[in-house]
Amino acid sequence: MIPISLTVNGEKVVRHVEPRRHLIDFLRLDLGLTGSHAGCEHGVCGACTLRVNGKIMRGCLILAASLDGADVVTIEGISESGEVSDLQAAFVARNAAQCGFCTPGMVMTAAELLAEAGTPTRGEIREYLSGNYCRCTGYQAIVDAVEDTLRSRSAKP
Amino acid sequence: MKWPAMGYARAKSLAELWSALDAHGSAGQIIAGGQTLLATLAFRLSEPSTLIDITGIPELRGISVQGGALRLGALTLHADLCCDPLVKAHAPLLAAAAPLIAHPAIRNRGTIGGSLAYADPAAELPACVIALDATVITVSAKGERRVPAAAFFTDLLQTALEPQEIIAAVEFPLTKRLGAIEEIARRSGDYAMAGLAATLHLEAGRVIKPRLVYFGVGKIPVLAAAAAKALEGRSLDTASISAVQAALAEDLDPPQDLHGPPEMKRHLARVLTERVLQGFLREKVQAA
């Protein structure tokens with residue numbers, strides 16, 4: 001077992017983990033944070049997307065053991081902080097979440113795009129989300145929701 | 001599938017790495033960003049006894065210009081390639097390649113050293129380092145070696161790295177030249193069905209020292225010699241582009257793979273050749 005000490009959604013966490021534990025199982029099974037989803041578990045589907053040290057990553061392609069000293073933020077963290085409340089409202093308004101399995105990863109990925117400077121086109125939004133699979137919506141409603149949020153944020157002074 | 005049971009060790013310096021490698025022998029597996037390795041472990045393609053994490057070794061980090069070369073530490077992230085001002089200034093081909101590598105969440109953790117050491121024949125960076133005539137700096141307990149990129153990839157997923165040796169950095173000559181990369185993939189961010197990374201000089205309208213490197217069409221990236229010969233000294237135009245396309249028959253011997261038969265790969269290589277060289281032609285016209 002490997003000792004790790006890290007921050008998860010602003011709270012200090014100290015644990016011992018097996019090397020084979022990936023970050024998503026660590027969050028879901030050890031910490032009870034079930035917002036990050038384990039989908040394909042080999043880096044393809046994006047359902048496990050979360051933030052490590054300020055950047056989005058695949059939780060299923062990160063050893064929990066490697067995260068000593070890291071700062072992890074999950075969908076629970078950015079929901080509680082209110083950072084993405086407008087994006088989440090747009091997802092509801094556009095019916096961009098159907099079964100909801102991909103939604104946390106979509107929101108985490110879109111949040112990084114929204115935080116960057118610039119005004120991405122629909123094509124650029126699609127490109128940014130290209131690593132996140134959705135099997136329900138056909139993506140149209142998701143791109144709509146991100147685009148709506150982008151517009152409303154840039155309209156504010 | 002879940003990863004196999006295994007050990008984990010962090011090396012905080014090269015000295016710690018050498019002793020960890022000694023302790024674990026050939027069943028020890030080095031891990032950097034892990035964006036390929038951990039996916040392959042999920043498929044149980046290998047079962048290392050211990051992962052040795054090198055991401056805490058400061059000697060493997062950093063982007064700098066020194067000794068007439070751009071030096072990228074092995075731990076340089078794909079995300080850094082797209083945006084670092086030194087990379088943009090001295091190796092814009094890498095900046096152009098970065099958005100083609102997987103997806104943002106993977107580019108934030110995957111490293112150039114990892115991509116080169118894994119040596120996937122359909123990956124972008126192995127082709128780019130050959131096109132840019134880079135030098136791979138390796139290091140082991142015995143010291144450093146300098147391996148030309150064109151000699152680094154030896155067979156499918158095989159490199160010139162010796163046991164217990166790692167990539168420390170990659171150096172790119174500060175040569176002013178044109179560079180471009182194009183690929184065809186089924187989904188944005190997937191490995192290419194076929195791709196082309198190319199550099200060349202244009203002097204008085206003539207092509208000098210073209211380096212055309214095709215990827216996803218063989219066991220290793222292919223530096224196309226006959227195609228380069230067909231282009232050397234000629235002006236870029238429809239006739240010379242056709243000559244390059246014809247010469248590819250000699251350079252490429254693509255295997256059948258999941259995507260299709262050899263002839264499909266040859267076709268894609270010709271299409272990519274036209275796109276890349278026409279792109280240079282447009283740049284030239286704009287510059288004139």
Side-chain angles (χ1 to χ4, degrees), chain A residues 1-4 16-25 29 38-70 105-106 108-113 115-117 123-133, chain B residues 1-12 24 28-45 47-56 75 77-80 82-83 98-111 114 185-191:
Chain A
M1 299 286 266
I2 309 292
I4 53 170
H16 282 75
V17 292
E18 282 187 56
R20 66 183 299 211
R21 193 65 125 191
H22 58 57
L23 175 54
I24 296 305
D25 278 352
L29 305 177
C40 71
E41 294 191 279
H42 60 269
V44 173
C45 78
C48 64
T49 307
L50 39 65
R51 238 180 240 170
V52 179
N53 298 331
K55 305 298 279 181
I56 56 164
M57 293 182 191
R58 298 276 206 244
C60 76
L61 292 185
I62 298 177
L63 299 152
S66 71
L67 290 177
D68 193 44
M106 285 287 181
M108 293 301 300
T109 304
E112 183 164 283
L113 176 65
E116 286 178 4
E124 286 162 347
I125 294 169
R126 281 183 176 278
E127 171 65 28
Y128 212 88
L129 297 175
S130 66
N132 291 68
Y133 275 160
Chain B
M1 213 186 318
K2 302 296 180 190
W3 299 327
M6 56 196 170
Y8 172 80
R10 290 182 202 111
K12 292 281 169 60
H24 297 288
Q29 169 66 54
I30 287 172
I31 181 166
Q35 298 303 282
T36 305
L37 175 63
L38 293 174
T40 66
L41 291 187
F43 286 113
R44 301 291 176 94
L45 295 178
E47 298 204 9
S49 71
T50 296
L51 296 181
I52 303 169
D53 187 340
I54 60 169
T55 55
L75 295 174
L77 302 172
H78 305 322
D80 297 331
C82 80
C83 310
L100 302 177
I101 304 169
H103 310 286
I106 287 170
R107 295 199 286 272
N108 284 336
R109 198 164 180 89
T111 66
R186 289 203 186 272
R187 174 178 72 139
S188 177
D190 280 358
Y191 278 117

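Heavy atoms only: backbone and side chains are in, while hydrogens, waters and symmetry mates are out. Order of the sequence lines sets the chain letters (A, B, ...), proteins ahead of strands, with each chain counted from 1.
Of the atoms belonging to B/I31, it is side-chain heavy atoms, and not backbone ones, that fall under 4.5 Å from chain A. Heavy atoms of B/N108 lying under 4.5 Å from chain A belong to its backbone as well as its side chain. Only the side chain of A/D25 comes within less than 4.5 Å of a heavy atom of chain B; its backbone N, CA, C and O stay farther away. Looking at B/L41, neither its backbone nor its side chain comes within 4.5 Å of chain A, counting heavy atoms on both sides. If you measure heavy-atom distances from A/E41 to chain B, the contacts under 4.5 Å come from both the backbone and the side chain. Both the backbone and the side chain of A/L63 come within less than 4.5 Å of a heavy atom in chain B. If you measure heavy-atom distances from A/T109 to chain B, you find no contacts under 4.5 Å at all. For a residue to count as touching a neighbouring chain, one of its non-hydrogen atoms must lie under 4.5 Å from one of that chain's; by this rule A/L50 does not touch chain B.
Interatomic distance, B/H24 NE2 to B/L51 CG, rounded to the nearest 0.5 Å: 10.0 Å. Separation of atoms CD (B/E47) and CG (B/L45) is listed at 10.0 Å; rounding is to 0.5 Å. To the nearest 0.5 Å, atoms CG (B/L100) and SG (B/C82) are separated by 11.5 Å. Expressed to the nearest 0.5 Å, how far CD of A/E127 lies from CG of A/L113 amounts to 10.5 Å.
Listed by first then second residue, pairs satisfying salt bridge (Lys or Arg N to Asp or Glu O under 4.0 Å) with a partner in residues 44-64 of chain A read A/R51-A/E83, not counting sequence neighbours.
Taking the six-membered ring where the residue is Trp, B/F43 and A/H42 present tilted rings, their angle falling between 30° and 60°.
When each of A/G43, A/S66, A/C40 is checked for heavy-atom pairs under 4.5 Å with chain B, A/S66 comes out on top. Annotation: maximal heavy-atom pairing with chain A below 4.5 Å, among B/G33, B/A39, B/A42, B/P99, occurs at B/A39. Of the residues considered (A/R126, A/E18, A/H22, A/E112), A/H22 shows the highest number of contacts with chain B, using heavy-atom pairs under 4.5 Å. For the options B/P4, B/G34, B/A9, B/G189, heavy-atom pairs under 4.5 Å to chain A are most numerous at B/P4. If you tally non-hydrogen atom pairs under 4.5 Å between each of B/R107, B/Q35, B/R187 and chain A, the highest count goes to B/R187.
Using modelled atom types, no side-chain atom of B/R10 and backbone atom of B/D53 make a donor-acceptor pair closer than 3.5 Å.
By the neighbour-count criterion of 12 heavy atoms within 6.0 Å, atom NZ of B/K12 is sparsely surrounded, having that number or fewer from other residues, nucleotides or ligands.
A pairwise comparison of heavy atoms in B/A185 and B/D190 identifies CB-O, 3.8 Å as the closest pair.
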